[in-house]
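Remember, predicted model here, so these are calculated numbers, not experimental data. As the structure lists them, so they are numbered: ligands from 1, and atoms in each ligand from 1.
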Amino acid sequence: MIRVENVSKSFGTFKALDGLCLHAGEGTVLGLLGPNGSGKTTTVKVLTTLLSPDSGDARIAGHSVLSHPDQVRRNLGLSGQYAAVDEKLTAYENLRMVGRLYGMNRRTAAARAHELLSSFRLTDVAGKRSGTFSGGMRRRLDLAGAIVARPKVVVLDEPTTGLDPRGRLDTWDVVSSLVADGTTVLLTTQYLEEADRLADHIAVINHGRVIAEGTATELKQSAGSERIDVVLRNPADLAAAAGVLERAAGPGIKAEQDPQNLRVSIAAPEGHRLLVRVLSELEDRALPVDEAALRRPTLDDVFLQLTGHAAAAAAEAQASDGQAIEAPAKAGVPA
Ligand SMILES: Nc1ncnc2c1ncn2[C@@H]1O[C@H](COP(=O)(O)OP(=O)(O)O)[C@@H](O)[C@H]1O
Ligand SMILES: [Mg+2]
């Protein structure tokens, strides 16, 4: 449903897109993840026919942005980086207007507006001027506007940037329900957690080209194996515990000691099997443990490795992937 084929786009001498390739199958979410200035909005503009590429082509539902821009627009809904609603109109009037602009008759446009107000939880404020809305409500209204005509493909450019956590969760719900209805979504984001939650497939871009892609799981696996973190009760036990971890992990694997947090950690290609061995060994040697966890690499680790700097929202997106041993995240042992 979405195909970007070797697209380049320069502004003057600056290459904003540099041989970009992307694709998304029907009913899936493609997450375009990249730091500020990496080319996300430029990609969105090419896909939505607002900018034409210098070279390459892009297709929406099989239609080329170069040769059939009208067909592209007919199959596409866009919610831009900044929510575009008419502040003087009510929520209902905004949506009805969009329906009318798409050529629906009055009755159909009104019915569609009511339907969307309901599914975006805006019925209670249907008669209120959208200028009075919070960022989250405005965003929901803008998203509703993007799908009035039931497009096959919806493009969302940083749909949750600037939203509070509640607004972000609401938006995630909306995206999930779109996909459940079979819509294909391209979503750009700077938030790793958002890509992790919503995207079936993630393309990490920097300087206008794809530097890594795959499912969230695949990307995390590419960042290396799981790690074991053990927090000790007594500072004096740190070195002895590191020795236990290293012997359990096998030759050549070094433990890291973090005296400030009384933590030792080590790569654990064997996952929880190693954790069980480590814990029983520490117990045998009377080295009391306060916390022990098997931690999968997060998208933050991936992003850091790939781009050399932390994601813009690293702190916010801080993953809750550290799993306490009482609640192991994985049922099996990695092959
Ligand atoms: N119209 C333009 N003229 C000149 N430079 C631009 C223009 N649009 C974008 N750029 C530059 O191209 C790069 C990519 O921009 P953009 O696609 O908006 O990034 P993102 O959306 O990922 O933050 C940025 O360095 C930006 O300054
Ligand atoms: Mg942008």
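Listed for the N94 side chain is a donor-acceptor partner under 3.5 Å among the backbone atoms of D86. Not a single donor-acceptor pair under 3.5 Å links the side chain of R96 to the backbone N or O of H114. At distances below 3.5 Å, at least one donor-acceptor pair connects side-chain atoms of D54 with backbone N or O atoms of S10.
Put simply, atom 17 (O) of ligand 1 has protein non-hydrogen atoms near it, under 4.0 Å away.
The only member of E194, Q190, R139 that meets side chain to side chain donor-acceptor pair (under 3.5 Å) when paired with T160 is E194.
For the pair S38 and ligand 1, the shortest N or O to N or O distance falls below 3.5 Å. Considering backbone and side-chain atoms together, G39 places an N or O closer than 3.5 Å to an N or O of ligand 1.
Nearest protein neighbour of atom 6 (C) of ligand 1, counting heavy atoms only, is F11 CD1, 3.2 Å. Looking at atom 15 (O) of ligand 1, its nearest protein heavy atom turns out to be T42 OG1, 3.8 Å. Given atom 11 (C) of ligand 1, the protein heavy atom at minimum distance is F14 CE2, 3.9 Å.
Close approach to K40 involves these atoms of ligand 1, each under 4.0 Å from a residue heavy atom: 17 (O), 19 (O), 20 (P), 21 (O), 22 (O), 23 (O). Every atom of ligand 1 with a heavy atom of A16 under 4.0 Å away is listed here by number and element: 12 (O). Those atoms of ligand 1 that come under 4.0 Å of a heavy atom in N36, given as number and element, are 23 (O).
Summarising the geometry, atom CG belonging to L232 is positioned 8.0 Å from atom CG belonging to D290; distances are rounded to the nearest 0.5 Å.
Among the atoms of T41, an N, O or S atom falls under 2.8 Å of the Mg ion (ligand 2).
The option with the heavy atom closest to atom 23 (O) of ligand 1, from among G12, P35, G37, is G37.
No cation-pi contact links R112 to Y102, judged by a cut-off of 6.0 Å to the six-membered ring centre and 45° from its axis.
Looking at T188 and D157, their side chains do bring a donor and an acceptor atom within 3.5 Å of each other.
Look at E256 and R227 and you find a salt bridge, because one of the NZ, NE, NH1 or NH2 atoms lies within 4.0 Å of a carboxylate O, short of that distance.
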